[in-house]
Amino acid sequence: MNTNKAALAEYIINEDELMEDAIDFSNENGDFNKLNNYYDNISSGKCNGCGKCCYESVQTNFIEFLNIINFLKNDPSLLEDILNQVEHYYMHDLFQNNTCPMLDNNNRCKIYSVRPLVCRLFGHYSQEDHEKNYLETLENNKVIKDYYIDNYDLDIPDERLLKKVEHCSDYENNMKVSTELMTQIKDDILMIDSKYFAEGFIDENAYNMGLVEWFIYLFFDESLAEKRINFSKLKLSENLK
Ligand code: SF4
Ligand code: SF4
């Protein structure tokens, strides 16, 4: 693992060929522009900035992640800070609830202008769709819980898996995005991603990942996964004492 995040940020900005090639590919194909045009369909509305919806590593498509890296390439110290926060989130994710590592101490998003689709849509969900999303998350979490028990003898606490953020009723917008348009935009962005799969920039293991997981998957040493398991077991056993 590269523990020096300043050096890792420097590497990502100046030497990571995969990122460089993927960003060039995106520019040649106008993919960042397409992504931003899709985002433009979602009006911002009035948000009180409470930050309650910024409670996890949000689902992010590859082109969205690339857009974020392209943005962070202009700000090495912000990238270094985010790499530190990402690692902290990842190491604690299996045993305690955490906020999104992109959130600053004043509940502001550090990457607001390039935040993923999921963040842009949060206030647009109806109560019904919000509950549906939560039930889907619960189902996924059950699969994750079983996976860690079966493979690592690690029992993720229920309060971590059941965490629920209430539907946002404080967000004001008289131009809310319909469920149909949400589905359309998600599909359109997935279509962009499919080119990057086809070109070999990403493989099938990298499907449907969270923002933190993209950073870990692409930039951190594989040994961090095992360190996380051991660290989580230690912390969980300490809590039982
Ligand atoms: S969208 Fe809602 S929950 Fe999220 S910050 Fe705005 S007011 Fe808070
Ligand atoms: S990326 Fe930004 S807007 Fe999205 S959850 Fe994280 S802090 Fe919130």
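Note that ligands are numbered from 1 as they come in the structure, with each ligand's atoms numbered from 1 the same way.
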Original post:
At what distance is the nearest protein heavy atom to atom 4 (Fe) of ligand 2, and which residue and atom is it?
Top reply: C119 SG, 2.3 Å
Original post:
To the nearest 0.1 Å, how far is atom 3 (S) of ligand 1 from its closest protein heavy atom, and which atom is that?
Top reply: C50 SG, 3.5 Å
Subject >> Near-ring test F62/F201, centroid separation under 6.0 angstrom >> reply: no
Subject >> Protein contact to atom 7 (S) of ligand 1 [nearest heavy atom, distance to 0.1 Å] >> reply: N48 OD1, 3.2 Å
**OP:** Within a distance under 4.0 Å of any heavy atom of V58, pick out the atoms of ligand 2 and give their elements.
**Re:** 5 (S)
**OP:** Could you list which atoms of ligand 1 come closer than 4.0 Å to a heavy atom of C53?
**Re:** 1 (S), 3 (S), 4 (Fe), 5 (S)
**OP:** Using modelled atom types only, decide if a donor and an acceptor are shared between the side chain of K233 and the backbone of Y152 within a distance under 3.5 Å.
**Re:** yes
Subject >> Ring-face cation contact, Y112 with R115, 6.0 Å cut, 45° max >> reply: yes
**OP:** Just let me know how C100 lines up against ligand 2, side chain, backbone, both or neither, with a heavy-atom cut-off below 4.0 Å.
**Re:** side chain
Original post:
Got a sec: is C168 within less than 2.8 Å of atom 4 (Fe) of ligand 1 via an N/O/S atom?
Top reply: no
Original post:
Side-chain heavy atoms under 4.5 angstrom apart, residues restricted to Ile, Leu, Val, Met, Phe, Trp, Tyr: same cluster for M191 and F32?
Top reply: no
Original post:
Ion pair present between K164 and E131, side-chain N to carboxylate O less than 4.0 angstrom?
Top reply: yes
**OP:** Within a distance under 4.0 Å of any heavy atom of C47, pick out the atoms of ligand 1 and give their elements.
**Re:** 1 (S), 5 (S), 6 (Fe), 7 (S)
Original post:
At a 4.0 Å threshold, what atoms of ligand 1 neighbour a non-hydrogen atom of G51?
Top reply: 5 (S), 8 (Fe)
Original post:
Under 4.0 Å between a Lys/Arg side-chain N and an Asp/Glu carboxylate O for E87 and K5?
Top reply: yes
Subject >> Salt-bridge present (K52, D170; N to O < 4.0 Å) >> reply: no
Subject >> Residue from D75, D104, D81 passing side-chain hydrogen bond (donor to acceptor under 3.5 Å, both in side chains) with K110 >> reply: D81
Original post:
So which protein heavy atom does atom 2 (Fe) of ligand 2 come closest to, and at what separation?
Top reply: C109 SG, 2.3 Å
Original post:
Which heavy atom of the protein is the closest neighbour of atom 8 (Fe) of ligand 2, given with residue, atom name and distance?
Top reply: C54 SG, 2.3 Å
